[in-house]
Amino acid sequence: MQVAAQFVTSAAGENDFPRDRLPEVAMVGRSNVGKSTLINALVRQKIARVSAEPGKTRLANFYRVRRGNSPAMFLVDLPGYGYARREQQAQSRDEVARSFARLTDAYFARGKGHPEGTIPIGVVLLVDSRHPGLESDLEAWNWLTSTGQPCAVIGTKADKLSRTERTRHAREFESMFARPVTLLSAVSGEGLDELWKLIARLPNQTAA
Ligand SMILES: Nc1nc2c(ncn2[C@@H]2O[C@H](COP(=O)(O)OP(=O)(O)OP(=O)(O)O)[C@@H](O)[C@H]2O)c(=O)[nH]1
Ligand SMILES: [Mg+2]
């Protein structure tokens, strides 16, 4: 299916968020989990910057996408959590966590209380398929679900798993998040169609 996609803006805070009131799906996850790579795989273009060095995406990047005849929407690449730049270690990790929290708080606040009505926002938490059970992923999940937005979890980099790991990790993720977790790969393309379907319905779903 044809996908049209363009970069719209990089936002450092609420004043920079786009004014178009389109449905949005935000990609959230630890630094290096594969958020930007996944957006590129979904739209089959290199629009999101992927770097060898983790922690590069420090802003909320908005991409306007249209798949086939579906209505236009935004995919949003949010900064990764759990990462402090080496040169910023003089600054505490807490400060990095706080600046991440400020941006994401401002981002999720837009879903609510706007005079023109709420913006439908869905959240996809990305977790690394190789590493089930990370405390930081569970904390992120608990925080995201507490925002009241509809949320889903997917596992990235499934191409790196053996068959036995795949079965075992899928089970571990399922018990961790109390729901099935689709494992997919930006490299092999496995699971991308399923993710598109999820993206289309998530923003208008009621929160779990
Ligand atoms: N094998 C494999 N590697 C992947 C996959 N997705 C991403 N990667 C690799 O993982 C690394 C991190 O990917 P990014 O897309 O930059 O991760 P990110 O979540 O955007 O990272 P930050 O912007 O730092 O938060 C890159 O080296 C990617 O090539 C995947 O599905 N399979
Ligand atoms: Mg990135």
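Starting from 1, each residue takes its place in the sequence as its number. In this text, all values refer to a predicted model and were calculated from it rather than measured experimentally. Side chains included, hydrogens not; waters and symmetry mates left out as well; all remaining heavy atoms used. Atoms within each ligand, like the ligands themselves, are counted from 1 in listed order.
The shortest N or O to N or O distance between Pro79 and ligand 1 is not below 3.5 Å. Considering both main-chain and side-chain atoms, Lys160 never comes within under 3.5 Å of ligand 1 through any nitrogen or oxygen pair. Between Val50 and ligand 1, no N or O atom pair is found at a separation short of 3.5 Å.
With sequence neighbours excluded, the residues that form a salt bridge (charged side-chain N to carboxylate O under 4.0 Å, His left out) with Arg130 are Asp128. Here Leu184 pairs with Leu38, Ile154, Leu195 under the side-chain contact (heavy atoms from CB on, under 4.5 Å) rule; sequence neighbours left out.
For the Mg ion (ligand 2), the N/O/S atoms of Thr37 include none lying under 2.8 Å.
When each atom of ligand 1 is checked for a heavy atom of Gly80 under 4.0 Å away, the hits are 25 (O). Close approach of ligand 1 to Thr37 is summarised as follows: ligand atoms under 4.0 Å from at least one heavy atom of the residue are 6 (N), 7 (C), 13 (O), 14 (P), 15 (O), 28 (C). Atoms of ligand 1 lying under 4.0 Å from at least one heavy atom of Ser185, given by number and element, are 31 (O). When each atom of ligand 1 is checked for a heavy atom of Ser36 under 4.0 Å away, the hits are 15 (O), 20 (O). Close approach to Val187 involves these atoms of ligand 1, each under 4.0 Å from a residue heavy atom: 1 (N), 2 (C), 30 (C), 31 (O), 32 (N).
Judged by distance alone, with hydrogens and angles left aside, the side-chain atoms of Asp77 form no donor-acceptor pair with the main-chain N or O of Asn61 at under 3.5 Å. Using a distance-only test at 3.5 Å, with no hydrogens or angles considered, a donor-acceptor pair links the side chain of Ser185 to the main chain of Val187. Remark: side-chain polar atoms of Thr167 are paired, donor with acceptor, to backbone N or O of Arg163 under 3.5 angstrom. Side-chain N or O atoms of Thr145 include one that pairs as donor or acceptor with a backbone N or O of Trp141 at under 3.5 Å. A donor-acceptor contact shorter than 3.5 Å links the side chain of Arg66 to the backbone of Ser70. With Ser129 contributing its side chain and Thr156 its backbone, the two residues share a donor-acceptor pair below 3.5 Å.
By the 4.0 Å heavy-atom criterion, Asn32 is counted among the residues contacting ligand 1.
Distances from atom 8 (N) of ligand 1 to the heavy atoms of Met27, Lys157, Arg49 show the closest one on Lys157.
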